[in-house]
Amino acid sequence: MLVREVMSTVVLTIGPAHTLRQAAALMSARRVGAAVVYDPDADGIGILTERDVLVSVGRGQDPDTERAHGHTTTDVVFAAPTWTVEEAAGAMAHGGFRHLIVLDGGEPVGIVSVRDIIRRWAPARAPHNAPVVTA
């Protein structure tokens with residue numbers, strides 16, 4: 001199975017000047033856990049995740065004044081649509097992150113998350129009479 005088969009093609013792109021509240025509102029409205037941060041004045045693109053927002057708020061920072069650029073990961077590992085799901089999962093496990101921006105021709109065409117991979121693997125790999133666990 002390839003990344004292109006499991007990735008989300010809903011790519012939310014924000015600018016570095018967006019506040020964390022604006023970014024969180026946009027991510028929530030689009031039901032995504034990460035946003036691609038594009039800064040035309042910097043080289044490359046970065047990623048802002050729901051965890052980045054949570055860490056900031058947990059530190060007592062104001063989401064109305066904190067800007068995306070201050071919380072963006074710029075040392076990003078990118079996936080290609082032709083990667084296998086196993087390659088993507090390996091990159092995530094090795095790097096300790098949950099999202100990969102998928103680039104095709106240098107342009108973001110999707111994001112693949114741990115959740116995307118689990119959704120595809122779980123039905124195929126779950127035993128038939130697996131117990132249902134509830135909290």
Report summary line: d(R21 CZ, D64 CG) to nearest 0.5 Å is 4.0 Å
Report task. Check whether I111 and V109 end up in the same hydrophobic cluster, where Ile, Leu, Val, Met, Phe, Trp and Tyr are linked by side-chain heavy atoms less than 4.5 Å apart. Result -> no
Query raised in the report: Quick one: does E87's side chain have a donor or acceptor within less than 3.5 Å of a partner on T84's backbone?
Result: yes
Report task. Return the minimal non-hydrogen interatomic distance between V53 and A24, and the atom names on each side. Result -> CG1-CB, 4.3 Å
**Report entry** Beyond-backbone contact of V85 with R120, side-chain heavy atoms, under 4.5 angstrom
**Finding:** no
Report summary line: Rounded to the nearest 0.5 Å, the OH atom of Y38 sits from the OG1 atom of T72 at a distance of 14.0 Å
Query raised in the report: Is any side-chain heavy atom of V10 less than 4.5 Å from a side-chain heavy atom of R31?
Result: no
Query raised in the report: For the residue pair D116 and V6, what are the closest heavy atoms and their distance?
Result: CB-O, 3.3 Å
Report task. Find the distance between OG (S113) and CZ (R98) and round it off to the nearest 0.5 Å. Result -> 8.5 Å
**Report entry** Same apolar cluster (I L V M F W Y, side chains within < 4.5 Å links), V114/V36
**Finding:** no
Query raised in the report: Please walk me through it: do R59 and V55 pass side chain to side chain contact (heavy atoms under 4.5 Å, CB included)?
Result: CA-CA 6 Å; R59 290 180 179 157; V55 167; 3.5 Å; yes
Query raised in the report: Does a side-chain heavy-atom distance below 4.5 Å link L26 with R30?
Result: yes
Query raised in the report: H18 and Q22: which non-hydrogen atoms are nearest, and at how many Å?
Result: CA-OE1, 3.3 Å
Requested in this report: Please report the shortest heavy-atom distance between V76 and G46, naming the atom on each side.
Outcome: CG2-CA, 3.9 Å
Query - L100 side chain reached by M92 side chain, heavy atoms, under 4.5 Å - result: yes
Query raised in the report: Can you name the nearest heavy-atom pair linking A80 to V102, along with the distance?
Result: C-CG1, 3.9 Å
**Report entry** Polar contact flag, side-chain donor to acceptor under 3.5 angstrom, E66-S56
**Finding:** no
Query raised in the report: In terms of hydrophobic clustering (I, L, V, M, F, W, Y; side-chain heavy atoms under 4.5 Å; direct or indirect links), are I47 and L20 co-clustered?
Result: no
Query - Side chain proximity check, L54 to E50, heavy atoms < 4.5 angstrom - result: no
Query raised in the report: So which heavy atom on F97 is nearest to which on A91, and how close?
Result: CZ-O, 3.5 Å
Query raised in the report: Crowded around R67 CZ? As in, over 12 foreign heavy atoms under 6.0 Å?
Result: yes
Query raised in the report: What residue pairs, at least two apart or across chains, pass salt bridge (charged side-chain N to carboxylate O under 4.0 Å, His left out) with a residue in residues 73-84?
Result: none
**Report entry** Nearest-0.5 Å distance that lies between atom CE in M7 and atom OG1 in T9
**Finding:** 6.5 Å
Query raised in the report: Can I45 be reached from V37 by stepping across I, L, V, M, F, W or Y side chains whose heavy atoms are under 4.5 Å apart?
Result: no
**Report entry** Shared hydrophobic cluster, I14 / V11 (ILVMFWY, side-chain heavy atoms < 4.5 Å)
**Finding:** no
Query raised in the report: Nearest 0.5 Å, what's the OG1-NE2 distance between T19 and H71?
Result: 10.5 Å
